[in-house]
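We use all heavy atoms of the structure for the numbers below, so side chains are in, but hydrogens, waters and symmetry mates are not.
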Amino acid sequence: MKYVLVTGGVVSGLGKGVTASSIGVLLKAYPYLNTDAGTMSPFEHGEVFVLDDGGEVDLDLGNYERFLDVKLTRDNNITTGKIYQSVLEKERRGDYLGNTVQVVPHITDAIQEWIERVAMIPVDGKEGPADVCVIELGGTIGDIESMPFIEALGQFSYHVGPGNFCLIHVSLVPVLNVVGEQKTKPTQHSVRGLRGLGLTPNILACRSTKALNENVKAKLSQFCHVPAENVVTLYDVPNIWYIPLLLRDQKAHEAILKALKLLGVAREPDLQDWIARTRVYDVLLEPVKIAMVGKYTGLSDSYLSVLKALLHASVACRRKLVVEWVAAGDLEDATAKEAPDVYKNAWNLLKGSDGVVVPGGFGDRGVQGKIIAAKYARENKVPFLGICLGMQIAVIEFAQSVLGLDDANSTEFDPQTSHPCVIFMPEACSAAGSKTHMGGTMRLGSRRTYFKVPNCKSAKLYGNASFVDERHRHRYEVNPDMVPQFENAGLSFVGRDETGQRMEVIELPSHPYFVGAQFHPEFKSRPGKPSALFLGLVAAASGQLDAVLQNYGHESKLLPNGTSNGKPIVKPYQNGNAIKSSNGSLNGVYSNGNGVHY
């Protein structure tokens, strides 16, 4: 097994995860190399990404899955808590024969054993272990939280031996506006700290606003003891899909293969599909505006997978995505009194959008604003997608506005409501769990949804599938006792679990596109394989839904330009494995017209 370690220095947020994913893309582009990926995260930030096995992990695991099109497991994410827990369990079993348990060697040994064990687990659907395992070390060199991991990796590099370990250090080369000079000192100090901890970089990946000057590369090479050809620049680009191409153009793949003694496979990586996907976005001009109505709009990473899913769908529909961030609370009457300008701006954004997304979340803050957004979309025939809590919001709004149940609510927000249309429904294995301890009662991971209405829009979007497997993360669900009342009023529960008691997908047949999903379809969206329900939303928002549904319902004749009736062709994969676009996609997101969100 060969190992590539990616570390970061100077500041956080440099893009270690994107760099590690891009390295995986490069290595995977060789026909005889299989690549695994994992992360060691003393820190977690942004959204909680959910895996098929129910693992709740850092958003970087989402980057790996999207870039490499693999399915990772919870064991691919190594955290401090997991390591200490495993060591304590061993101590309780007597595995250490009464010896005093210490950070060195017990914690460091446990980290190394975990890496070697997980590296052997295939994640790409193929038999046998990967050839190369890419590891990202979370945080920044020098952080106290990372110290046990760094010590373990120093030992690990010695353990696996030369030719089996390559360290790539991502660092910052800032440019001072006063003099316009690229400064190398921060990277020098970062590498010095890294070497002092027992790790020596093979490659420097330097983040900067523009490509490094040759004299700057020479200086870094001299002071950091890295060959000049192994100093690569990750400069600012229109979207992150250019990063693998930047690495390829600077021969980073050859430096990695040389360090791993794999030059025997050193041919030019096949990235034709990747290049095509990357360049598609550059020619998209016609916008599609999607309002994101949530409560974490100040931190876009909180909805990172939703953003990526919207982007994959918008590129498949040949539209430039514009995300309008709408804080749910700003739509409420209280804001109209306290901050009328904020209220007016929020409503202008909502009314100016072609579609509305209400993403998942927990807690009651902003719920009323989300209900207002769902009502606006329903009454004004604006395409709507509610995810998890967003679906529950749509049900609550329907109960209040259509059924006339003014106090209808979720028991999460109002335990005393006389019309509980959303209730606490833990899975059978944890039915006795506490409502206050979320981990024990959460419905997590991949679950199967069966379509009960064959001709519904959702089933067609999934390629007329009879069932799909999608990822869940929730504790509350639609009250099955109220479902007949809803359906009699026109709200259709088209997708349910195998028992028929858990409502998974709702649709409003009288609406152009009003869909809610209890699961999180965004987690399985991929470049070139957009999530079915997100594709439906963007297609509806851009006037293409009928053509998309027609293509899914039966085979259609293709026109010479690769379209059907002038519309882009998209073909689905079955069973929730997303949808394959003939044209691919990439990952730049325009946010309120203020530039590219990475």
Side-chain angles (χ1 to χ4, degrees), residues 289-300 302-303 306 322-423 476 478-479 482 485-486 489-491 506 508 510-516 537 541 591-593:
K289 294 183 179 180
I290 304 296
M292 183 88 76
V293 184
K295 66 177 183 178
Y296 306 118
T297 54
L299 180 63
S300 59
S302 298
Y303 303 116
V306 176
V322 178
V323 176
E324 304 286 15
W325 295 98
V326 181
D330 293 348
L331 298 171
E332 299 174 5
D333 292 339
T335 304
K337 299 176 183 178
E338 298 169 3
D341 289 343
V342 173
Y343 176 82
K344 181 179 179 181
N345 182 61
W347 271 102
N348 286 340
L349 290 175
L350 183 63
K351 291 181 177 179
S353 297
D354 303 308
V356 178
V357 173
V358 177
F362 293 90
D364 59 1
R365 181 168 65 87
V367 164
Q368 192 56 42
K370 295 174 185 177
I371 291 174
I372 291 170
K375 182 176 182 179
Y376 167 80
R378 180 180 60 80
E379 292 182 342
N380 293 278
K381 307 294 185 181
V382 177
F384 173 89
L385 177 60
I387 302 167
C388 196
L389 176 61
M391 168 178 147
Q392 298 170 12
I393 289 293
V395 171
I396 294 170
E397 188 279 322
F398 193 88
Q400 293 177 354
S401 302
V402 179
L403 299 184
L405 308 175
D406 293 339
D407 72 334
N409 212 331
S410 166
T411 56
E412 180 182 6
F413 312 132
D414 181 8
Q416 307 305 320
T417 177
S418 56
H419 296 98
C421 50
V422 178
I423 61 174
Y476 288 81
V478 174
N479 185 351
M482 292 188 67
Q485 195 173 353
F486 283 116
L491 186 64
I506 64 167
L508 200 56
S510 60
H511 192 284
Y513 191 83
F514 193 91
V515 175
L537 173 74
S591 173
N592 291 339

With sequence neighbours left out, write down each residue that passes side-chain hydrogen bond (donor to acceptor under 3.5 Å, both in side chains) with His511, or none if nothing qualifies.
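Partners of His511 by the side-chain hydrogen bond (donor to acceptor under 3.5 Å, both in side chains) criterion come out as none, since no residue qualifies.
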
Side-chain donor/acceptor of [X] to backbone N/O of [Y], under 3.5 Å:
| X | Y | value |
| --- | --- | --- |
| Asp414 | Gln416 | yes |
| Thr417 | Asp407 | yes |
| Glu324 | Leu350 | no |
| Gln400 | Leu405 | no |
| Asn479 | Pro420 | yes |

Test side-chain contact (heavy atoms from CB on, under 4.5 Å) on Leu537 and Val515 and set out the steps.
CA-CA 8 Å; Leu537 173 74; Val515 175; over 6 Å; no

Counting neighbours of NZ on Lys344 that are heavy atoms of other residues, nucleotides or ligands and sit closer than 6.0 Å, is the number greater than 12?
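Check fails, neighbour count at 12 or below.
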
Looking at Lys289, I'd like to know if its NZ atom is crowded, meaning that more than 12 non-hydrogen atoms belonging to other residues, nucleotides or ligands lie closer than 6.0 Å.
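Result for NZ/Lys289: open.
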
Sub-4.5 Å side-chain heavy-atom contact between [X] and [Y]:
| X | Y | answer |
| --- | --- | --- |
| Val293 | Val357 | no |
| Leu389 | Val358 | no |
| Leu403 | Gln485 | yes |
| Met391 | Val478 | yes |

Show your reasoning for whether side-chain contact (heavy atoms from CB on, under 4.5 Å) applies to Val326 and Leu331.
CA-CA 8 Å; Val326 181; Leu331 298 171; 4.0 Å; yes

Pairs flagged by side-chain hydrogen bond (donor to acceptor under 3.5 Å, both in side chains) wherever residues 348-377 is involved - sequence neighbours left out:
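Output for this query is empty, none listed.
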
What is the distance from atom CD1 of Ile290 to atom CH2 of Trp325, rounded to the nearest 0.5 Å?
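Rounded to the nearest 0.5 Å, the CD1-CH2 separation comes to 12.5 Å.
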
Verdict with supporting geometry, Asn345 and Asp330, side-chain contact (heavy atoms from CB on, under 4.5 Å)
CA-CA 9 Å; Asn345 182 61; Asp330 293 348; over 6 Å; no

According to the salt bridge (charged side-chain N to carboxylate O under 4.0 Å, His left out) rule, which pairs have a member within residues 386-402, sequence neighbours left out?
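Output for this query lists Arg378-Glu397.
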
